[in-house]
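Structure first, then comments.
All of these numbers come straight from a predicted model, not from anything done at the bench. Chain letters run A, B, ... following the sequence lines, proteins first and then strands; every chain starts at 1.
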There are 2 protein chains.
Amino acid sequence: MAAENQALSPGQRRPDQVATRLERLILDGVFRPGQLLPSERRLCDRLGVSRASLREGLRILRSKGIIDTRQGHGSTVATLLPVNQQSPLMHLFKDHPRTLFDLLEVRALLEGESARLAASRGTSADRVLITRRYHEMADYAETAEPIDVERLARFDHAFHLAVSQASHNPVLVHTLQSLTDLLLSSVFASVKHLYHLPVPRAMINQQHAQLHDAVVSGDAEQAKQVALEHLSSISQLLRDLEVEHDRLERSSMRLEEWQ
Amino acid sequence: MAAENQALSPGQRRPDQVATRLERLILDGVFRPGQLLPSERRLCDRLGVSRASLREGLRILRSKGIIDTRQGHGSTVATLLPVNQQSPLMHLFKDHPRTLFDLLEVRALLEGESARLAASRGTSADRVLITRRYHEMADYAETAEPIDVERLARFDHAFHLAVSQASHNPVLVHTLQSLTDLLLSSVFASVKHLYHLPVPRAMINQQHAQLHDAVVSGDAEQAKQVALEHLSSISQLLRDLEVEHDRLERSSMRLEEWQ
DNA sequence: TGTGGTGCATTGGTCTGACCAGTAATTGGT
DNA sequence: ACCAATTACTGGTCAGACCAATGCACCACA
């Protein structure tokens with residue numbers, strides 16, 4: 001062993017120490033963004049750990065987005081430092097398109113109930129607000145020439161939010177909000193495509209109009225139905241966009257084989 | 001090399017494949033939150049990779065917060081945290097007890113769908129587990145002399161969790177879990193009374209039996225209906241209790257585990 | 001004088017097998 | 001019945017070997 005391994009925090013294993021020490025070196029400016037780190041073998045020597053531990057340490061930094069590694073080349077300090085730390089759930093949802101549809105399944109359920117309650121419980125003030133939000137969205141969708149997708153998405157969101165708030169169930173509003181946030185932050189790119197294609201946009205606009213009419217007219221069952229169809233067709237559109245996915249093979253796996 | 005290594009995304013190295021495959025297994029419910037994963041050596045065997053690569057894969061999951069590892073013990077699937085843990089909803093609970101019924105309203109919706117999906121999508125393994133959980137609960141409810149309410153609540157919770165997991169929709173499971181956690185961490189200990197009064201307990205037991213039968217027999221609509229009635233009657237019972245509970249109030253009730 | 005190929009040294013990627021270090025169930029003695 | 005030692009696990013670490021991609025120095029040929 002080439003270097004002293006001073007005890008850090010009791011829970012700190014070698015790979016964690018490696019990550020910590022390298023982070024420190026980067027923060028101290030010893031290794032600068034864009035710069036190539038020493039080779040793994042050299043780092044092992046300098047830090048006094050085995051290559052396995054060193055590599056696990058680098059793996060930590062890599063998954064934090066702090067370094068970038070290329071075989072045959074080396075590891076470079078990333079130029080863009082990590083911005084935000086997301087919830088564990090977010091990581092699971094990312095890169096697993098299947099969960100997107102699971103999410104839409106739940107959202108459809110909640111949106112349907114939300115629309116139903118909004119139609120039956122909504123006050124006149126609620127309806128005025130819903131109508132205002134609807135027109136903000138619809139006017140923009142029809143008049144704007146080069147559509148700012150993000151701006152339209154905000155209007156869209158505001159409209160749905162107004163509907164859910166008219167349900168007068170804070171828990172419902174909150175849960176829906178959570179799922180929507182999750183959806184937008186994980187698959188925002190896919191959603192953007194929907195707004196760019198003319199046919200889906202027309203369909204969405206029409207469904208929004210129907211939803212608005214049903215809610216403000218107080219037709220609860222119709223509102224629920226429209227909302228369900230709305231989410232259903234969005235799901236279908238996304239499914240069509242989805243590049244053929246290998247859902248096979250893993251459904252046959254059973255717990256017993258793993259014990 | 002023990003297993004074929006089908007090419008995934010070109011950039012996917014072994015550790016990334018390991019992480020991806022394990023994530024899928026978790027999402028598929030083969031490995032469930034709180035459960036202990038097979039040992040590293042066994043996983044190496046099953047996945048056909050070396051222990052070094054396997055450990056780097058686990059390191060990825062660990063840094064994502066998906067698993068938790070303890071030396072000498074093993075790796076457990078982390079309990080999925082709520083989308084937003086510290087939500088303003090908590091404050092609402094404190095001051096507005098009516099939120100409890102809003103919560104139950106949303107829960108009924110999700111439980112209903114969860115039961116419906118469990119009945120239609122549940123595998124035979126799911127049904128076996130559901131039946132086991134049901135009997136653990138029912139046997140205890142009938143045989144125990146002085147009923148340990150907390151213990152019964154745990155069985156109750158395990159039963160409902162098994163049903164929701166059989167829906168094979170991680171988002172649904174997670175959302176339901178979030179709402180349940182909200183209940184647990186709030187001050188509504190009144191549910192405890194439900195288990196103490198003989199009449200409500202009998203009704204709950206019967207509904208559980210119906211729910212179990214409907215789900216394992218694959219009767220989706222029946223399952224949904226029973227679940228809805230279950231939550232509905234619980235809500236009603238709580239509503240009745242609230243009247244007399246207003247007098248007692250201000251007791252130092254601990255938060256209880258409740259389905 | 002380019003210019004394109006060819007090797008080779010260096011890098012990360014992976015595997016193997018060994019040993020260290022906690023954990024928890026089992027066992028055996030009191 | 002209880003408590004301590006044993007033991008059979010678990011993850012943590014190490015060493016050294018080989019594979020695969022990279023990129024540069026070198027050299028042959030136009």
Side-chain angles (χ1 to χ4, degrees), chain A residues 1-22 26 31 34-78 258-259, chain B residues 1-22 26 31 34-78:
Chain A
M1 196 156 304
E4 284 297 316
N5 291 301
Q6 71 290 5
L8 295 179
S9 310
Q12 291 267 311
R13 305 294 177 189
R14 293 288 210 294
D16 301 293
Q17 294 179 22
V18 166
T20 301
R21 296 173 66 178
L22 286 179
I26 292 174
F31 300 134
Q35 181 180 344
L36 199 63
L37 290 181
S39 74
E40 293 186 351
R41 290 165 178 84
R42 201 175 306 271
L43 283 175
C44 292
D45 207 36
R46 294 282 185 279
L47 299 176
V49 298
S50 74
R51 206 163 150 228
S53 295
L54 188 275
R55 281 181 57 78
E56 286 197 41
L58 292 181
R59 177 69 65 177
I60 295 174
L61 299 181
R62 214 172 306 157
S63 59
K64 282 185 181 177
I66 294 178
I67 65 171
D68 180 53
T69 305
R70 273 158 43 205
Q71 180 176 176
H73 180 75
S75 294
T76 57
V77 180
W258 294 82
Q259 290 173 335
Chain B
M1 196 151 307
E4 284 297 317
N5 291 302
Q6 70 288 4
L8 295 180
S9 309
Q12 291 265 309
R13 305 292 176 188
R14 295 285 212 295
D16 302 291
Q17 293 180 24
V18 167
T20 301
R21 293 172 68 180
L22 287 179
I26 291 173
F31 301 134
Q35 181 181 344
L36 199 64
L37 290 182
S39 74
E40 293 186 352
R41 291 164 178 85
R42 205 177 307 269
L43 282 175
C44 293
D45 213 34
R46 295 287 185 276
L47 297 176
V49 299
S50 73
R51 203 159 151 233
S53 294
L54 188 273
R55 280 180 56 79
E56 286 198 42
L58 292 181
R59 175 70 64 179
I60 295 174
L61 299 182
R62 214 172 308 155
S63 61
K64 285 182 179 179
I66 293 176
I67 64 171
D68 180 51
T69 305
R70 272 159 46 206
Q71 180 176 175
H73 180 75
S75 293
T76 56
V77 179

Taking atom [atom2] of [N] as reference, at what distance in whole Å does atom [atom1] of [X] sit?
{"X": "R70(B)", "N": "dA24(C)", "atom1": "CZ", "atom2": "C1'", "result": "10 Å"}
{"X": "L36(A)", "N": "dC24(D)", "atom1": "CG", "atom2": "P", "result": "11 Å"}
{"X": "I67(A)", "N": "dT11(C)", "atom1": "CD1", "atom2": "P", "result": "15 Å"}
{"X": "D68(B)", "N": "dT23(C)", "atom1": "CG", "atom2": "C1'", "result": "15 Å"}
{"X": "D45(B)", "N": "dC9(D)", "atom1": "CG", "atom2": "C1'", "result": "16 Å"}
{"X": "Q71(A)", "N": "dC19(D)", "atom1": "CD", "atom2": "C1'", "result": "9 Å"}
{"X": "R14(B)", "N": "dT16(C)", "atom1": "CZ", "atom2": "C1'", "result": "14 Å"}
{"X": "Q12(B)", "N": "dT14(C)", "atom1": "CD", "atom2": "P", "result": "11 Å"}

### Message
Does anything in residues 52-60 of chain B come within less than 4.0 Å of DNA chain D? Heavy atoms only, and list the residues if so.
### Response
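Heavy-atom cutoff 4.0 Å gives R55(B).
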### Query
Shortest non-hydrogen contact from L43(B) to P38(B)?
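Heavy-atom minimum between the residues: CD1-O, 3.6 Å.
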### Message
With nearest nucleotide decided by heavy atoms, which residue, L37(B) or R51(A), maps closer to the 5′ end of DNA chain D?
### Response
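Result: L37(B).
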For [N], does either OP1 or OP2 sit under 4.0 Å from a side-chain N or O belonging to [X]?
{"X": "R42(A)", "N": "dT10(C)", "value": "no"}
{"X": "S50(B)", "N": "dT14(C)", "value": "no"}
{"X": "H73(B)", "N": "dA24(C)", "value": "yes"}

### Query
Does R51(A) have any salt bridge (charged side-chain N to carboxylate O under 4.0 Å, His left out) partners at least two apart in sequence or in another chain, and if so, which?
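Counting only residues at least two positions away or on another chain, R51(A) forms a salt bridge (charged side-chain N to carboxylate O under 4.0 Å, His left out) with E40(A).
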### Task
Classify the nucleic acid contact of R41(A) as base, sugar-phosphate or nothing, counting any heavy atom under 4.0 Å across all strands shown.
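Counting heavy atoms under 4.0 Å across all strands, the contact made by R41(A) includes a base.
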Less than 4.5 Å apart, any side-chain heavy atom of [X] and any of [Y]?
{"X": "V49(B)", "Y": "V18(B)", "value": "yes"}
{"X": "R59(A)", "Y": "P15(B)", "value": "yes"}
{"X": "R13(B)", "Y": "Q71(A)", "value": "yes"}

### Gap between atom CG of L54(A) and atom CZ of R41(A) - 0.5 Å precision
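If I round to the nearest 0.5 Å, the distance is 10.5 Å.
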### Derivation of the side chain to side chain contact (heavy atoms under 4.5 Å, CB included) call for R14(B) and L47(B)
CA-CA 10 Å; R14(B) 295 285 212 295; L47(B) 297 176; over 6 Å; no
